[in-house]
Amino acid sequence: MEVDTLKDEFNRVVKKQKLASSRTIDLVNQIEKEIEQAIGAIQENGTDRDAASNLNHEILTNLKNTLKELVPVKQLESCQKEMNTALGKWVKTTEKFFINDISKAYKNVDMEPHVLNEIIANHLYREALFDIGDNFLGEASCLASIKLKQLFQEMYEIFGALRTEKSEPALSWAMKNHDALLQNDSCLELKLHQLQFVEILKQGKRDEALQYARTYLAPFATIHKDVIQKLIASILWAGRLDQSPYTEFLVPTNWEKLAEEFAQQFCNLKGQSSTGPMGMTVAAGAEVLPILLKLMTVLTAKREWHSMKEFPFPLDLRRDFQFHSVFICPVLREQGSDDNPPMLLPCGHVLSKQSTVKLSKSSSRSFKCPYCPFEALASECKRLYI
């Protein structure tokens with residue numbers, strides 16, 4: 001991957017810089033040591049001026065010879081030369097992989113301006129840039145979902161409270177959505193109660209912590225027995241939890257991790273993706289941009305770039321960019337549905353049910369997979385649920 005190549009080249013520059021810095025510091029320290037030794041030797045000379053003068057001359061001559069042997073200027077020049085060489089390779093590498101004019105990969109795509117403006121505004125709201133989103137909508141003279149804005153305002157208000165170690169707003173939200181969180185197998189509510197319980201223990205309030213455990217932790221005992229046992233045992237260390245075997249409850253990053261988990265669960269329950277669609281789209285585009293530029297160079301010569309409706313080969317992305325919430329049949333180009341679900345062939349490829357029926361002549365004969373030589377029967381295909 002080209003990004004990995006850039007990272008490797010950059011790491012080489014960093015290593016050269018650290019090595020050059022270390023060698024320079026060692027050289028300066030060595031010179032300083034020689035000078036200090038010479039000064040000390042001169043200060044130890046006697047009061048006899050003639051004898052001292054001769055000794056001082058000898059000391060300075062030895063210092064001069066020592067510095068000549070060290071050749072500090074050449075050593076520094078050598079370090080700088082190696083550093084410049086590494087930097088030069090880095091510049092050439094970046095110039096090779098980065099093309100300033102990326103507009104060459106642009107294609108005219110039919111899209112209503114107000115739709116694009118709404119997508120941008122929703123992205124700004126998702127990133128908590130509410131004032132900017134409002135200004136953008138005003139300048140673009142379009143409307144965006146007020147409900148979506150209010151949704152993310154609520155989320156970021158609770159998210160911000162968690163990051164400042166205030167669990168009450170998140171606890172209130174989690175308790176209101178208790179059943180939905182359990183259906184998602186989420187431990188968010190328990191973790192929030194855990195943080196509140198630990199805060200009580202840190203204050204040394206053993207009886208209050210025990211009462212809190214009976215009220216809020218006990219309902220989770222059958223599902224999360226191990227965690228509850230640890231929390232109950234930690235009551236013995238009330239006021240001195242930092243000296244207990246349960247210091248894991250005091251890790252500062254617990255709040256940060258829980259804030260991130262809350263944001264994911266909040267979006268999940270509200271029918272929103274945990275990552276912004278627009279941000280993900282831009283990141284995926286940047287991932288394949290070098291390939292698009294190469295493809296464009298080839299196809300432009302044949303005048304096929306702007307008329308092409310799909311790529312002639314698959315563009316593989318990292319797993320971070322792979323989603324399967326919607327299935328489009330690669331044969332019929334139709335979106336999957338309950339009546340026409342995706343079907344997994346024995347070879348591992350996926351087609352829609354209608355495609356398998358047509359290819360198998362109404363399930364009466366075996367058919368060849370459109371993407372590999374493997375043959376299958378319609379009865380051997382398994383439905384996929386997405």
Once rounded to the nearest 0.5 Å, what's the spacing between atom [atom1] of [X] and atom [atom2] of [Y]?
X: S22; Y: Q17; atom1: OG; atom2: CD; result: 10.5 Å
X: L192; Y: E189; atom1: CG; atom2: CD; result: 8.0 Å
X: N340; Y: E334; atom1: CG; atom2: CD; result: 6.5 Å
X: L116; Y: E118; atom1: CG; atom2: CD; result: 10.5 Å
X: T85; Y: Q80; atom1: OG1; atom2: CD; result: 10.0 Å
X: E199; Y: Y212; atom1: CD; atom2: OH; result: 10.5 Å

How close do [X] and [Y] get, heavy atom to heavy atom, and via which atoms?
X: L162; Y: A259; answer: CD1-CA, 3.8 Å
X: A174; Y: L181; answer: O-CD1, 3.7 Å
X: C329; Y: L332; answer: SG-N, 3.4 Å
X: L377; Y: R365; answer: CD2-C, 4.0 Å
X: F136; Y: N117; answer: CE2-O, 3.2 Å
X: R126; Y: S273; answer: NH1-O, 2.7 Å

Any heavy-atom pair between the side chains of [Y] and [X] that's under 4.5 Å?
X: L231; Y: L201; result: no
X: D242; Y: W237; result: no
X: F197; Y: F249; result: no
X: Y125; Y: L137; result: yes
X: K358; Y: F367; result: no
X: Q272; Y: L148; result: yes
X: L55; Y: I42; result: no
X: K382; Y: M343; result: no

Might you confirm whether atom [atom1] of [X] has over 12 heavy atoms from other residues, nucleotides or ligands at distances under 6.0 Å?
X: R240; atom1: CZ; value: yes
X: K270; atom1: NZ; value: yes
X: Q75; atom1: CD; value: yes
X: Y371; atom1: OH; value: yes
X: K368; atom1: NZ; value: yes
X: N65; atom1: CG; value: yes

Q: Start with the C-alpha distance between E36 and K33, add both sets of side-chain angles, then the distance that settles salt bridge (charged side-chain N to carboxylate O under 4.0 Å, His left out), and finish with yes or no.
A: CA-CA 5 Å; E36 287 178 350; K33 180 180 178 181; over 6 Å; no

[X] and [Y]: same hydrophobic cluster, using ILVMFWY side-chain contacts below 4.5 Å?
X: L351; Y: F327; value: no
X: L345; Y: L359; value: yes
X: M83; Y: L27; value: no
X: L182; Y: L171; value: no
X: I228; Y: L210; value: yes

Q: Determine, step by step, whether E77 and K74 satisfy the salt bridge (charged side-chain N to carboxylate O under 4.0 Å, His left out) criterion, reporting the C-alpha distance in whole Å, the side-chain angles of both residues, the deciding distance to 0.1 Å, and the verdict.
A: CA-CA 5 Å; E77 288 178 347; K74 288 187 177 181; over 6 Å; no

Q: Give the C-alpha distance, both sets of side-chain angles, the deciding distance and a yes or no for side-chain contact (heavy atoms from CB on, under 4.5 Å) between W255 and T164.
A: CA-CA 8 Å; W255 288 92; T164 56; over 6 Å; no

(Q) Regarding R12 and E9, does a basic nitrogen lie under 4.0 Å from an acidic carboxylate oxygen? (A)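 Counted as a salt bridge, because a side-chain N and a carboxylate O are separated by less than 4.0 Å.
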
Q) Thinking salt bridges, do E82 and R23 make one under a 4.0 Å N-O criterion? A)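 Salt bridge: yes.
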
Q: Report the relative orientation of the aromatic rings in F159 and Y156; use parallel for angles under 30°, tilted for 30 to 60°, perpendicular for over 60°.
A: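 Ring orientation of F159 relative to Y156: perpendicular.
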
Q: May I ask you to decide if the ring planes of F220 and H193 are parallel, tilted or perpendicular, using 30° and 60° as cut-offs?
A: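 F220 and H193: tilted rings.
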
Keeping [X] on the side-chain end and [Y] on the backbone end, is there a donor-acceptor pair under 3.5 Å?
X: S352; Y: S355; answer: yes
X: T356; Y: K353; answer: yes
X: S172; Y: E168; answer: no
X: S21; Y: K18; answer: no

**Q.** I232 vs Q229, side-chain contact (heavy atoms from CB on, under 4.5 Å): CA-CA, chis, key distance, verdict
**A.** CA-CA 5 Å; I232 297 301; Q229 286 179 339; 5.9 Å; no

**Q.** Any side-chain donor near an acceptor of the partner, Q211 and D207, under 3.5 Å
**A.**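 Not at all, the side chains of Q211 and D207 share no donor-acceptor pair under 3.5 Å.
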
Q) Is the closest side-chain donor-acceptor distance between K205 and Q203 under 3.5 Å? A)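 Checked: K205/Q203 side chains pair up, N/O donor to acceptor below 3.5 Å.
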
Q: Begin with the C-alpha distance, continue with both residues' side-chain angles, and end with the deciding distance and a verdict on side-chain contact (heavy atoms from CB on, under 4.5 Å) for M155 and L151.
A: CA-CA 6 Å; M155 188 192 80; L151 183 75; over 6 Å; no

**Q.** Residues K149, D134; criterion side-chain contact (heavy atoms from CB on, under 4.5 Å); working and verdict
**A.** CA-CA 10 Å; K149 174 185 175 182; D134 290 341; 2.8 Å; yes

